[in-house]
**Student:** 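Here it is: the structure, laid out below.
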Amino acid sequence: MNLLENLNDRQLAAVTLPNQSALILAGAGSGKTRVLTTRIAWLIQTGQVSPQGVLAVTFTNKAAKEMLTRLAAMLPINVRGMWLGTFHGLCNRMLRAHHRDAGLPATFQILDSADQLGAIKRLLKAGNIDDERYPPRNLQNFINSAKEAGLRAKDVEVNDDYNRKFVELYALYDAQCNREGVVDFAELLLRCYELLDRNEILRQHYQGRFRHILVDEFQDTNKLQYAWLKQLAGSGNAIFAVGDDDQSIYRFRGANVGNMADFEREFEVRNLIKLEQNYRSGGNILNAANALIAHNTSRLGKELWTQAGEGEPVRVYEAQTDGYEAAWLVEEVKGLIAEGHARAEIAVLYRSNAQSRVLEHALFNAAIPYRVYGGLRFFERAEVKHALAYLRLIENPADDTAFLRVVNFPPRGIGARALEQLADAARGAGSSLYAAVGSLSGKAGSNLGAFIKLIDSLRFEAAPLTLAEIVELVNERSGLVAHYRNDKEGQERVENLGELVNAAAAFVSEEGYAQDAPASRAGDEEAATQIPSALVAFLSHASLEAGDNQAEAGQDALQLMTVHSAKGLEFNVVFITGLEEGLFPHENSLSEMDGLEEERRLMYVAITRARRRLYISFAQSRLLHGQTRYGLRSRFLQELPEGAVKWLTPKVPVGMGAGARFGAWYDPAARAAPAVSAPVRTAASSHGVRVGQTVRHARFGEGIVINLEGSGDDARAQVNFGPHGIKWLALAVAKLTPA
DNA sequence: TCGGTTCAGAGTATT
DNA sequence: TCTGAACCGA
């Protein structure tokens, strides 16, 4: 099977780049994931690197899974042992393997955001801190931003007393986490970074191993993630970074687009490849996207084009109110369904979650099935978190967060007073709540003692069981199942607890976690020595991958979501709603530095989700916070090229006569399509040259052989010289020396 | 321990 | 206007 078949010129050049750092600017729908996975497969197939020598990083589990699936289809190897995963997943893996060096217990647990907030509230309570003056949420943000900037409490600059208190609390929080053997998400990354920074032997080991580092969605990396990557790259390894500055929409959570420019400079990137051919949308949709994003000033520069023709115009609709907007949308959707469109291929996008209510209301009344993204995920459900807390206590009794969550759930007569006493005792002894139980007497003491006994016996009984059996044991013996069975509305919760047993069974079989032979994980010599138990691994999995956000995923339903959550997805039909000043662009963004440009990128992301048909709608008035607000039509509408747009309602001129400024949109057919790439055939060897071999040419420097054809004097080699491009060279003439 | 009342806040989100 | 969290009384 030829991996390079059907790649366009740019894709081919990117996939077969020599071993030098590269920045691939991948536009929406340009085959980004394909390039990334084919690059890995090609490197392995041509023997340039072993599967163990590749490190590939993504942001979401979904993206990681997608890459793994595609890789497995391209390569006849077991891709499971590869270091391909999310930043957090890979850091977790490394920390598990070297937990001693990292100063962590083997069974360390991962706090999700809710757990972390709980831990912070507990900290404030224990220290008698005024949580009005120091809101837990603010402290959480403060700690996470500091960690994401690579700063410990001692490194944070203090400029006033208020600030000093935050820093002080940050230090206390870290101390509490250490005591309890838990780490939050940001800590996974920072700990891993510090581990590599401090431990030269380890750093050199991994630098020697990961010859090829590939990063997905590079524009979304934060400072710490970039620093971590730099450390693994060292001075010799190449980073293959794929990203799109025009789709950078996560600055509010720490993403630093500037990493792209820093990367170019610091790694002396000479290979900058733009993937601009779009395989997703019609020409009008792309013209709208291009024209819109052209209004941004800080761009690396990129313009999407397609061979697909202009397709349908972008339809724009003006409604009187948000209610009418929803009503119109319902009618339009009915028509689309009647025409045979699948509901799941129709997406309704909005800027903020609050907008979904009106839409849901209308859809519900019209009996159109829909699915809203972004609800509670499976592992975040209360009953599931309860069961997980019991499991955590089995592994790590010092986990006070888990302890407090279930010590009195189901109710067993342990009230606030008892817990306060216990907290005092624990603080006095500098121990965990669990360990302090022995020092309490009386009724509270005996109830707590019974709880400890329960956990201890669960731990004892769990020892010989499989993971699924352990979960089942906990479900029953904790009293959770019985508790929810008695609850009128607990049926679904009981089912979810059963689902957790299934999830445990699936986890063991998917991850190859045979409990008897833990060291059998292929190709992973570090982890083999210190493989965590299946239970510990499952608990990490539960924290790192919160699972799907709603049931009924199988049903053919309309897809409702924010523009942010639509990133990376595509649909035949897309509705972008609420295009009003103040809403999209959102008013809060206007006071932020470059906030408007980020909003515009968000709109760009929204537009480029559509394959065939795109609707954009707005309302003259909208009910917001109980008040009717009259918003102007979004400036983004004015930034679309007239020729690509069809107004479904009369276009009322606004202010300065927009539209005139924007010239006629270009004809996509007039854009020269690049020559179709030469047929690629793979020959074994010719003139002593092999595919995948690095060679040197007097004029073009180092390159990598990507293809061979002909024989004898006619033999030619196709060589990718990186910044000098891809060349066909006659081997009888060109002087190629092995490099 | 639960259920009702009060009050603030209402932008986007993955791990 | 609506929601969620915190709080208080029974």
**Student:** Is the shortest side-chain heavy-atom distance between A:Phe108 and A:Asn92 below 4.5 Å?
**Tutor:** yes
**Student:** Whether the side chain of A:Glu598 engages the backbone of A:Ser589 through a donor-acceptor N/O pair (distance < 3.5 Å, no angle test) should be reported.
**Tutor:** no
**Student:** Hey, can you pull the residues of residues 247-257 of chain A with a non-hydrogen atom under 4.0 angstrom from DNA chain B?
**Tutor:** A:Tyr250, A:Phe252, A:Arg253
**Student:** Kindly compute the distance separating CG (A:Leu623) from CG (A:Asp322), expressed to the nearest 0.5 Å.
**Tutor:** 6.0 Å
**Student:** Are any of the side-chain heavy atoms of A:Val536 and A:Arg96 separated by less than 4.5 Å?
**Tutor:** yes
**Student:** Could you label the plane-to-plane angle of the A:Phe538 and A:His541 rings as parallel, tilted or perpendicular, counting under 30° as parallel and over 60° as perpendicular?
**Tutor:** parallel
**Student:** Check whether any side-chain N or O of A:Asn588 sits under 4.0 Å from OP1 or OP2 of B:dT12, and answer yes or no.
**Tutor:** no
**Student:** What integer number of Å spans the P atoms of C:dT3 and B:dT12?
**Tutor:** 15 Å
**Student:** Taking any heavy-atom pair under 4.0 Å as a contact, classify A:Asp112: base, sugar-phosphate, or nothing.
**Tutor:** nothing
**Student:** Crowded around A:Arg152 CZ? As in, over 12 foreign heavy atoms under 6.0 Å?
**Tutor:** yes
**Student:** If I take atom CG in residue A:Leu224 and atom P in nucleotide B:dT15, what distance separates them, rounded to the nearest angstrom?
**Tutor:** 17 Å
**Student:** What is the distance from CG of A:Asp184 to P of B:dA13, rounded to the nearest Å?
**Tutor:** 21 Å
**Student:** Under 4.0 Å, heavy atoms only, any strand: does A:Glu148 hit a base, just the sugar-phosphate, or nothing?
**Tutor:** nothing
**Student:** Can you give one letter per nucleotide of nucleotides 1-6 of chain B, going 5' to 3': B for a protein heavy atom under 4.0 Å from the base, S for sugar-phosphate only, - for none?
**Tutor:** S-----
**Student:** Does a side-chain N or O from A:Asn92 land closer than 4.0 Å to OP1 or OP2 of B:dT15, or not?
**Tutor:** no
**Student:** Check the pair A:Arg629 / A:Glu580 against salt bridge (Lys or Arg N to Asp or Glu O under 4.0 Å), numbers first and verdict last.
**Tutor:** CA-CA 11 Å; A:Arg629 304 225 325 199; A:Glu580 295 135 43; over 6 Å; no
**Student:** Please report, rounded to the nearest Å, how far the P atom of B:dT15 is from the CZ atom of A:Phe87.
**Tutor:** 13 Å
**Student:** For B:dA13, does either OP1 or OP2 sit under 4.0 Å from a side-chain N or O belonging to A:Ser565?
**Tutor:** yes
**Student:** Please state whether the phosphate of B:dT14, meaning OP1 or OP2, lies under 4.0 angstrom from any side-chain nitrogen or oxygen of A:Asn61.
**Tutor:** no
**Student:** How far does the P atom of C:dG4 sit from the matching atom of B:dG11, given to the nearest Å?
**Tutor:** 13 Å
**Student:** Within this structure, what is the NE2-to-C1' distance between A:His586 and B:dA13, rounded to whole angstrom?
**Tutor:** 15 Å
**Student:** So, A:Thr401 and A:Asp115: side-chain donor and acceptor under 3.5 Å apart, yes or no?
**Tutor:** no
**Student:** Please name all residues satisfying side-chain contact (heavy atoms from CB on, under 4.5 Å) with A:Asp131, sequence neighbours left out, ordered by chain then number.
**Tutor:** A:Leu124, A:Pro136
**Student:** DNA chain B: A:Glu380 or A:Ala354, which has the more 5' nearest nucleotide?
**Tutor:** A:Ala354
**Student:** For a quick check of understanding: with a heavy-atom distance under 4.0 Å over all strands, which category does A:Glu592 fall into, base, sugar-phosphate or nothing?
**Tutor:** base
**Student:** Rounded to whole Å, how long is the line connecting atom CZ of A:Phe185 with atom P of B:dT15?
**Tutor:** 8 Å
**Student:** With sequence neighbours excluded, give me every ring-ring contact (aromatic ring centres under 6.0 Å, His included) pair touching residues 584-605 of chain A.
**Tutor:** A:Phe584-A:Phe636
**Student:** Is a donor-acceptor contact shorter than 3.5 angstrom present between the side chain of A:Ser113 and the base of B:dT14?
**Tutor:** no
**Student:** Sequence neighbours excluded, which residues qualify as side-chain contact (heavy atoms from CB on, under 4.5 Å) partners of A:Arg405?
**Tutor:** A:Lys385, A:His386, A:Ala389
**Student:** Just wondering, do A:Glu597 and A:Ser298 contact through their side chains at under 4.5 Å, heavy atoms?
**Tutor:** yes
**Student:** It should be established whether A:Thr562 places a side-chain nitrogen or oxygen under 4.0 Å from OP1 or OP2 of nucleotide B:dA13.
**Tutor:** yes
**Student:** Quick one, give me the B/S/- string for nucleotides 1-10 of chain C, reading 5' to 3', where B means a protein heavy atom under 4.0 Å from the base and S means that only happens at the primed atoms, P, OP1 or OP2.
**Tutor:** BSS--S----
**Student:** Atom CZ of A:Arg351 and atom C1' of B:dT12: how far apart are they, to the nearest Å?
**Tutor:** 5 Å
